[in-house]
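Residue numbers start at 1 and run along the sequence shown. Only a predicted model underlies this, so the values are computations on that prediction, with no experimental measurement involved.
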Amino acid sequence: MIPETFKALRAASMSGNSIRPIIRDVRLDSLPPNEVLIRVHYSSLNYKDALSATGNRGVTRNYPHTPGIDSVGTVVYSANPKVKKGDQVLVCGHDLGMNTPGGFGQYIQVPSEWVMPLPEGLGFRESMMLGTAGFTAALAIHKMELNGQNPSNGVVLVTGASGGLGSMAVNILSQTGYKVLAATGKTSETEYFKKLGASEIIDRSLVYDQSGKLLLRPRWAGAVETVGGNILSTVVRACQRHGNIAVCGNAMSHELNISVYPFILNGINLLGVDSATTPMELRKTIWNKLADDWRPSMLQMISHEISLNELPEKIDLILKGKIRGRVFVSME
Ligand code: NDP
């Protein structure tokens, strides 16, 4: 039976202008009138969700709002014959959780084009252990390889390596034969990085060049970069010839201040990665890899499950860069 109300984490103004996340009952008829109604079983916490949950207007324009860019669940109702009641489905990215009520609610109602069948071999829980972080890490590596990256080129750097995306990238790269250099603010977590397969761990300050030089001594053959700013600038300047750098995130800064020399003298390739707008065919390819040979071997160690009630506290922690790995959320 479809209830009249359901539980959700709502980002709303508590006092004055500050937007904070709180758990509330939400009316089902407040969901947008899209074609497919889904009972969400699990969601997951991404950096972007924390921004949306705390009033970042670059992510979410109007409040109150339900964040959650990831969701997995069962179709309850569909007005499109291609999606059927009872289907087990993933909805990640697109506009979910940004300006469309997202996976931090027990129900979502979305356009049918956003709905993807849960890949064979992945369960509800596993799919949200991976979530957008796993998908984006795999998409980044896929793009690098399409552009010629392979293990024989040399070591690949991962920045923000203890984060959700970073942890997945370290693990997938190492199990597919790459030597991985993990740059992190949490160098004390040696055991964690070793289990993920990193061959070397360095403090992120060592990827923060302040010499002002336009090119640096080559230190890596490519990178999955998640923090932006001067770290990305350093990564580009110290990349060996024809290396590929997948630009994924801005946990430190959205800025990039570099010259054209790394590109015109060293042939460095900057590859943009946007998981949210990835076309459906490519999404399926990447998710099928994640369900198969790119399934991170340490997925259980990387991820831990929480309830909806625990989510506000984790949102604070992820904004402070204090979460290791991935948090996924039971919506039962
Ligand atoms: P997490 O918060 O899980 O990871 C971010 C990591 O970055 C932290 O764990 C920390 O790792 C490092 N970090 C945090 N703050 C700083 C800082 N001020 N300076 C340097 N490093 C910092 O986030 P996600 O893994 O969910 O996302 C990572 C980034 O990727 C975010 O910017 C996010 O918006 C982006 N993203 C982009 C996607 C896309 O499609 N392009 C999809 C998903 C995420 P450590 O301590 O190990 O250095």
If you measure only the distance, is there a donor-acceptor pair under 3.5 Å linking the side chains of [X] and [Y]?
X      : Y      : result
Ser211 : Asp209 : yes
Ser112 : Glu35  : yes
Ser71  : Tyr42  : no
Ser78  : Asn80  : no
Ser162 : Lys186 : yes
Arg10  : Thr66  : yes
Thr60  : Asn99  : no
Asp70  : Asn46  : yes

Got a salt bridge between [X] and [Y], using NZ or NE/NH1/NH2 to carboxylate O under 4.0 Å?
X      : Y      : answer
Glu200 : Lys179 : no
Arg20  : Asp316 : yes
Glu332 : Arg39  : yes

Leu157, Asn269, Thr159, Leu232 screened by side-chain contact (heavy atoms from CB on, under 4.5 Å) with Ile245, the one that passes: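 For Ile245, the side-chain contact (heavy atoms from CB on, under 4.5 Å) test succeeds with only one of Leu157, Asn269, Thr159, Leu232, which is Leu232.
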Test item: Lys143 side-chain N/O and Gly272 main-chain N/O as donor-acceptor pair under 3.5 Å: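 Judged by distance alone, yes, a pair lies under 3.5 Å.
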Path from Val40 to Ile23 over hydrophobic side-chain contacts below 4.5 Å: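 Yes, one cluster joins them.
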side-chain contact (heavy atoms from CB on, under 4.5 Å) assessment of Asn34 paired with Trp114: CA-CA 11 Å; Asn34 291 315; Trp114 296 5; 5.8 Å; no
Residues, nucleotides or ligands: over 12 heavy atoms within 6.0 Å of Arg241 CZ: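 No, because the 6.0 Å sphere around CZ of Arg241 holds 12 heavy atoms or fewer from other groups.
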